[in-house]
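Handing you this structure, nothing more for now.
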Amino acid sequence: MEAPSGQVDAPSGLPPRVRIPRWIQLVGLPLIAFLAFGLAQTVGHTLVLFVVAGLIALFLDPLVRAVEKVGLRRGLAVALVYLAFLAALVVIIGALTTVVVGQTKTAASRFNSYFTVANGRTHKTDASRDVDRLQRWLDGHHLRGIQISKPGHKFVDSIRKRDVGKYTSRAVSFVEGAAISIGKALFSTVLVIVVSVYMLLDLRRFGAALDRRFPPHTGPPLLRRAEDALVSYLRGQVLLSLIMGASAGLGLYLLGVTGLLPGGDTYALLFGGWVAVTELLPYVGPWIGAIPPLIFAAVVHPVAVIWVTTLFLIIHQIEGHIVVPNVMANALRLHPLLVIFGLLAGIDIDGLVGVLMALPLLAVGRATWEFFGERVEFERWRTGTIPVEVEIETPAND
């Protein structure tokens, strides 16, 4: 039995379902999708800004509710949560920037000295001495046919004549410029923070309006479902980052202790933290995380590049086949093809920002789809009526 206003009766305990007529499916939904696409193209940057602000508000709302339970008013709770959030963000970015710039200068200085500073007794650079050591090792292992001494010294001399210091200073300048750009990007996020503060202050009122229009019935309300989906995603992402960062740090520490990567044990914590941070970027993050350890290995000892490369290949195999399927699959409950589509769409929409907000947005979209999937049904196009038999008369024979 149909209820008024397009509603149909539902089984006991379930919310009433709204039936979408066929004419709306044929005309209304494509028209809405076309208008939404045109609006997104017109105000794309503003739309991304508000989406990011909304995701931040949904992320922080559980913390605000927890602070409210202490007895503080919502405005003061929002202020305390945001101050703590911004303080942690500034400390993390400042610490990472300082460490990266400092280590880049140290690595550049070592690289420059390796090719240009001659030893007081032998009057040879460390690079030339390593070429001689490698040639002696080959000769001692019955590999005299491999002669690398002459081309090796020629290569070292060519690098020294090209003024290594000029290139290393450019690398330092690039990193310092990148650090300045990060600082400017930090200030450019003020607008997003302001918008998210307004959203967070009115989130309870907005949730009440949604509950009046779409009553939660037996399950949680729509806004709470979206927050739970984001918390589940965040929990899975933090666990994934911790696992991969700890694995990379432990592996580099063992390489340093065994002498396969000189100095690896000293910087294992730094590189592990970097790998954990880059894990926030799906698919491309693990490869970006491997770049600094590989550069460090190339500077301290070229052979160590092989061991570091092997380590990260093993880590990536474990990540792809064991960690990600067991951690993120439970957190997102989305098909891998949909995740890949969301990430590629995020890149096309707004580059790095689009990638970062793709998975949280998919998590919210899944929760919203499940909520309305319990309340909306589409009118069927096939009614199941019995077809009418038509008798075709054949012309009589003459």
Side-chain angles (χ1 to χ4, degrees), residues 32 35-68 72-94 181-214 221-234 237-238 277 280-282 342-343 345-369 371:
I32 292 174
L35 293 177
F37 179 75
L39 180 63
Q41 283 190 321
T42 305
V43 294
H45 181 70
T46 304
L47 182 62
V48 169
L49 184 148
F50 272 80
V51 168
V52 173
L55 290 175
I56 293 175
L58 290 175
F59 268 126
L60 297 180
D61 186 56
L63 296 177
V64 172
R65 292 201 309 269
V67 175
E68 282 184 296
L72 298 178
R73 298 181 61 183
R74 186 169 182 85
L76 184 57
V78 170
L80 288 177
V81 169
Y82 263 97
L83 287 176
F85 174 73
L86 292 178
L89 188 63
V90 170
V91 169
I92 292 173
I93 293 178
S181 299
I182 292 174
K184 292 181 179 179
L186 184 61
F187 285 106
S188 66
T189 58
V190 171
L191 185 58
V192 174
I193 294 174
V194 170
V195 174
S196 63
V197 167
Y198 278 108
M199 288 182 175
L200 197 53
L201 288 172
D202 290 336
L203 204 57
R204 179 183 294 173
R205 188 183 308 170
F206 178 68
L210 280 178
D211 292 344
R212 287 194 300 269
R213 185 63 184 88
F214 306 105
L222 175 59
L223 205 60
R224 187 63 57 85
R225 290 195 185 194
E227 291 180 1
D228 292 342
L230 286 178
V231 170
S232 178
Y233 159 76
L234 183 61
Q237 185 61 63
V238 170
V277 171
L280 297 174
L281 298 176
L343 294 173
I347 293 175
D348 291 336
I349 292 173
D350 203 16
L352 179 60
V353 176
V355 171
L356 290 175
M357 72 178 188
L359 293 184
L361 203 57
L362 284 175
V364 174
R366 176 188 56 76
T368 306
W369 178 269
F371 181 85

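In this chain, numbering begins with 1 at the start of the sequence shown.
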| What pair of heavy atoms forms the shortest contact from Thr368 to Leu222, and how long is it? |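 Heavy-atom minimum between the residues: CA-CD1, 4.0 Å.
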| message | With a 4.0 Å cut-off on N to O distance, would you call Asp61 and Arg65 a salt bridge? | response |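 Result for this pair is yes, salt bridge flagged.
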| query | Is there a donor-acceptor contact under 3.5 Å from the side chain of Arg74 to the main chain of Leu200? | reply |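 Looks like yes, one N/O pair under 3.5 Å.
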| Shortest non-hydrogen contact from Leu223 to Gly207? |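 Closest approach of Leu223 to Gly207: CD2-CA, 3.7 Å.
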| said: So, taking the atom named CG in Leu230 and the one named CG in Leu60, what distance separates them when rounded to the nearest 0.5 Å? | reply: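 Rounded to the nearest 0.5 Å, the CG-CG separation comes to 10.5 Å.
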| Does the side chain of Met199 reach to within under 4.5 Å of the side chain of Phe50, using non-hydrogen atoms? |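 SC-SC contact between Met199 and Phe50 confirmed.
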| So Phe59 and Tyr233, would you call those rings parallel, tilted or perpendicular, with 30° and 60° as cut-offs? |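 Rings of Phe59 and Tyr233: tilted, 30 to 60°.
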| said: Within the structure provided, determine whether Leu203 and Leu58 are in side-chain contact (heavy-atom separation under 4.5 Å). | reply: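 Result yes, sub-4.5 Å side-chain heavy-atom pair found.
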| task | Return the set of residues passing side chain to side chain contact (heavy atoms under 4.5 Å, CB included) with Tyr198 (not counting sequence neighbours), or none when no residue passes. | result |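 Once residues adjacent in sequence are excluded, the partners of Tyr198 under the side chain to side chain contact (heavy atoms under 4.5 Å, CB included) criterion are Val194.
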| said: Testing the basics here: between Ala229 and Ala367, what is the closest heavy-atom pair and its distance to 0.1 Å? | reply: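 Distance-wise, the nearest heavy atoms are CB-CB, 4.0 Å.
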| query | Given side chains that start at C-beta, do those of Ile56 and Val52 come closer than 4.5 Å, heavy atoms only? | reply |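 Sidechains of Val52 and Ile56: in contact.
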| message | Going by side chain to side chain donor-acceptor pair (under 3.5 Å), name the residues that satisfy it together with Arg204, two or more places apart in sequence or in a different chain. | response |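 In terms of side chain to side chain donor-acceptor pair (under 3.5 Å), with neighbours along the sequence ignored, Arg204 is linked to Glu68.
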| query | Of all heavy-atom pairs between Gly75 and Leu201, which one has the smallest distance, and what is that distance? | reply |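 Closest approach of Gly75 to Leu201, heavy atoms only: CA-CD2, 3.8 Å.
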